[in-house]
Structure formats: structure tokens, C-alpha cells
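Worksheet for the structure shown next.
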Amino acid sequence: MSEQVIAGVRDLLPVLRERTQDTEDARRVPEESVKALQETGFFKMLQPKSYGGLETDPVSFYTAAKLIASACGSTGWVASILGVHPWHVALFDAQAQQEVWGADEDVRISSSYAPMGKAEVVEGGYRLSGHWSFSSGCDHCTWALLGGPAFKDGKPVDFCTYLVPAADYSIVDVWDTVGLRGTGSNDVVVEDVFVPQHRALSFIATSKCKTPGQAVNPGPLYRLPYGSVHPTTITAPIVGMAQGAYDAHVEHQRKRVRAAYAGEQSKEDPFAKVRIAEAASEIDAAWLQLTRNIDELYELAKREERLPSDLRLRVRRDQVRGTERAIAAIDRLFENSGGRAIQRGTPIQRFWRDAHAGRVHAANDAERAYVMFGTGAFGQTVENGMY
């Protein structure tokens, strides 16, 4: 089934490519694009079969996200993020899953995991308030996953993700950026809303890969670490943007004539060929490491074997490295694209801006991921749970 979804996504790429400027101008992904992606089955790739999902292997999902981003960075970014949220909801208590998918298995969920709000422990659940930023694609969603600490008697007792319906939050239109302009990553505001216990998921549970949702979703997909699945969701579209930039650059250079060099055709320039080769290698290396690691994790989960910490740390190491490789590839190409490539509407400059905007996401904090890996390599205890 995953092959059919990927084939459907491939068929959509020319249309998504045509809509890139409209997507930027609107500062959100067009409803037509979201609907078309939904019809391919993309948003159900990581959704459990118990609620009409496909429950595919994760690499197939990342492959589809990468393809979408190779046509339109903003659309690929939103698709990847919204597409991973069914996986996260599948980790929640069965009652929460029923509330989300019971009446409509096609609902979409946005997120903002940074601790920009807080919850007070009360009888039966929490009172949640906060102002969260960067909720990509939130205008297309009817639920939100929001992160924040839980307090009791004035002291922090947990850190949770809270599952909140659209009726309990408001969206503030603030998104106006130089990159990923079309993602509609607006703010979400919650004011003293009750969240029942079953719609809160402790980060301790997710970091241990032992969650309430596994009681009804026992498949290997839902035994994978949050710190592997979610960060890779961020890097996969960035690698896709690099691929899109590479394709656009090669096409541009094939036709380009360099007036400053006596009418030399760029396709005859040996230095241009070197840059293309270097960029292609960086993109391939990023993707090969990314998919190898996730495949290895998934195979262990299928065999119900322990997921070793050194592998989980390697996943994070190569995830941030994958983003760095993709950015390096785009930069290398962009430097040699010529003045016409920076005109508004050209794909190369858009991919350059979108990829650099994606680079600043917290999941791409390279030094912290490398420190975690180095700490593990020395046999020391890794305190950070985000792996």
C-alpha cells in the first residue's frame, strides 16, 4: 500500500510545483493541495489500522515527505509534520484516540511541542493555559498537540503533551517570514482549559517507548522512540528541499550562458560540474544514513528486541548531520547559480530560503545532539531524553 501512496505523491509533484508561489503568497498551503495529499493516503501512512490507517513502515513515510518537499518546501514541511501526528496520537490512551478518530478518521492534528504553556494538576486531569508558536499547518487541523510542564502545589511534577480540540484554542495569524513562508506556522492560544487525564501523555512514557496506546496499537511502528521519529520528520523534508534545489540548479545550469566568461555555457564549466557532484554526494549521504538508521530501528521493533541507546543516539547524530549535509549541498549550488537565480519566483532561491528556515528548528540543534552521542560513546549517562 505504501508504494501506491508514493506513486500518488509522485503524480502530484508537477501540480505542487506550480503552486509554490501561490503557497508563499497566501502564507499557507492551499486547501486543494492538502485535499489532494489526503486523497493519496499520505496522512494515513502512520495512522493505526484500527482507525483506518495504513500503518506503513516509517521510511516509506519519510520518502513520501521528501518527494513532496522536492516540489514545494512549504508543502513538504507541513505534510511531514501533520503526517507524523497520527503516529503520536496512537501512543495516547485508547479513549483519546476514540475522541480524535471515532467520528472522522480523516481529521488532522497540528502541534507545538515547545514548553510555551503550563498545566496545573486538578482532579481528573489538568487546567492548561499558554501561548504556543510555530504550529505549522494549524489552519488545516481540528486538534493540536501542545507541550508543557505539569505543576502540582507550585512544583513541576511532569512534562506532557496535551491533546486539545480546536474548540478549546484560538489561532493567531502571525506568520510572516523569509523562509517556509507557505507553512502557516501560526500561534495557538489556550486559556484555562480542562484537559482530561487520558488526553495527556507524559514525556517520560514516550522516552521509554512504553505508552498507553500500545495496548490497542501493539505494532512495531508504535514502539519506536519519539526522539527518533519526530526529529527525522523535520530532516526528511529538508533533504527533499536539497533534492529540489539540485534538480532546479542542474536544469538552470544546462541552459545558462555566462556572459562574464565570453559566453561560456555553464554545462561546459568543469567547476560547475564539481559543485554538482559534491552536492549530489552530500544529499545521497544524508538520505542513506537517515534511512539506514530508521530501518535498523524498525527491524528491531518488528522482532520485539531492545532498541539500544547507542543506535538511538546514532539516529539523532545522523539526523542533525543529515540536515547539515542538505544545507551544505544547497549552499554549494546556490553560490554558483548566478544572478538570475535570486529573482523572485525562481525555485533555487526559494529552496535556499526554505531549507535555512527549517534548519533553525529545535530538532536541528546539532551541537546538543553531538554532545549526547559523545556522552554515550564515553559510557556516560545521557540526561537529555530527546533521543
Side-chain angles (χ1 to χ4, degrees), residues 23-24 26-31 34 43 74 77-86 88-89 91-93 96-97 99-101 103-104 107-152 154-203 206 226 230 233-234 357-358 360-363:
T23 301
E24 278 212 334
R27 297 183 297 112
R28 57 177 284 175
V29 177
E31 192 63 44
V34 175
F43 293 118
S74 287
W77 182 269
V78 169
S80 190
I81 289 173
L82 299 191
V84 81
H85 291 152
H88 197 181
V89 171
L91 308 183
F92 278 72
D93 184 274
Q97 296 180 51
E99 290 176 5
V100 172
W101 291 312
D104 183 3
V107 299
R108 292 182 292 272
I109 309 107
S110 69
S111 69
S112 182
Y113 292 108
M116 296 176 178
K118 70 176 184 178
E120 293 289 339
V121 178
V122 297
E123 184 176 355
Y126 306 85
R127 301 297 306 187
L128 179 67
S129 296
H131 189 137
W132 288 264
S133 297
F134 314 123
S135 188
S136 299
C138 57
D139 290 320
H140 300 290
C141 301
T142 52
W143 289 83
L145 293 158
L146 304 172
F151 288 81
K152 186 174 183 180
K155 298 179 180 179
V157 293
D158 204 350
F159 185 91
C160 298
T161 302
Y162 307 94
L163 183 57
V164 182
D168 287 348
Y169 62 82
S170 58
I171 296 173
V172 184
D173 186 349
V174 298
W175 191 247
D176 189 8
T177 57
V178 297
L180 294 177
R181 282 186 60 79
T183 61
S185 302
N186 288 308
D187 290 4
V188 171
V189 178
V190 174
E191 297 179 357
D192 193 29
V193 163
F194 175 70
V195 179
Q197 181 65 51
H198 64 270
R199 281 203 268 115
L201 181 61
S202 171
F203 196 74
T206 55
Y226 175 97
H230 266 265
T233 298
I234 297 302
V360 302
H361 190 282

If you look at every heavy atom in [X] and [Y], which pair is closest and at what distance?
X: His85; Y: Ser110; result: CE1-C, 3.4 Å
X: Tyr169; Y: Ala144; result: CE2-CB, 3.7 Å
X: Pro115; Y: Pro149; result: CB-CD, 4.0 Å
X: Ser74; Y: Thr23; result: CB-CG2, 4.1 Å
X: Gly83; Y: Pro86; result: O-CD, 3.3 Å
X: Val157; Y: Lys152; result: CG1-CB, 3.9 Å

The single option from Val164, Val100, Asp168 passing side-chain contact (heavy atoms from CB on, under 4.5 Å) against Trp143 |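 That would be Val100; it is the only one of Val164, Val100, Asp168 passing the side-chain contact (heavy atoms from CB on, under 4.5 Å) with Trp143.
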Given Asn186, Leu146, Val172, the one that forms side-chain contact (heavy atoms from CB on, under 4.5 Å) with Trp132 |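 Between Trp132 and the candidates, side-chain contact (heavy atoms from CB on, under 4.5 Å) is satisfied uniquely by Leu146.
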Per-pair distances, 0.1 Å, donor-acceptor, side chain in residues 116-128, under 3.5 Å, sequence neighbours excluded:
unit_1	atom_1	unit_2	atom_2	d
Tyr126	OH	Gln197	NE2	3.4
Arg127	NE	Asp192	OD1	3.2
Arg127	NH2	Asp192	O	2.7

Can you tell me how far the [atom1] atom of [X] sits from the [atom2] atom of [Y], to the nearest 0.5 Å?
X: Arg28; Y: Cys138; atom1: CZ; atom2: SG; value: 8.5 Å
X: Ser185; Y: His361; atom1: OG; atom2: NE2; value: 9.0 Å
X: Leu201; Y: Thr206; atom1: CG; atom2: OG1; value: 5.5 Å
X: Phe92; Y: His198; atom1: CZ; atom2: NE2; value: 10.0 Å
X: Asp93; Y: Leu163; atom1: CG; atom2: CG; value: 11.0 Å
X: Leu145; Y: Cys160; atom1: CG; atom2: SG; value: 12.5 Å

Measure the acute angle between the ring planes of Phe203 and Phe159, then classify it against the limits of 30° and 60° as parallel, tilted or perpendicular.
->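 Perpendicular: the ring planes of Phe203 and Phe159 meet at over 60°.
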Glu191 CD: over 12 foreign heavy atoms closer than 6.0 Å =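 Open: at most 12 neighbouring heavy atoms sit under 6.0 Å from CD of Glu191.
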When you look at CZ of Phe134, are more than 12 heavy atoms from neighbouring residues, nucleotides or ligands closer to it than 6.0 Å?
->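 Open: at most 12 neighbouring heavy atoms sit under 6.0 Å from CZ of Phe134.
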Between the main-chain N or O of [Y] and the side-chain N or O of [X], is there a donor-acceptor pair closer than 3.5 Å?
X: Thr183; Y: Val78; result: no
X: Trp175; Y: Leu180; result: yes
X: Ser80; Y: Thr233; result: yes
X: His140; Y: Leu82; result: no

Do [X] and [Y] have side chains that approach each other closer than 4.5 Å (heavy atoms only, starting at C-beta)?
X: Tyr162; Y: Val190; result: no
X: Ile81; Y: Ser136; result: yes
X: Ile109; Y: His88; result: no

Is the Tyr113 to Tyr226 ring centre distance short of 6.0 Å?
->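 Distance test on ring centres: under 6.0 Å, yes.
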Could you check Val29 against Trp77 for side chain to side chain contact (heavy atoms under 4.5 Å, CB included), going step by step and ending with a plain yes or no?
-> CA-CA 10 Å; Val29 177; Trp77 182 269; over 6 Å; no
Could you tell me which residues satisfy side chain to side chain contact (heavy atoms under 4.5 Å, CB included) with Thr142, sequence neighbours excluded, listed by chain and number?
->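 Partners of Thr142 under the side chain to side chain contact (heavy atoms under 4.5 Å, CB included) test: Val107.
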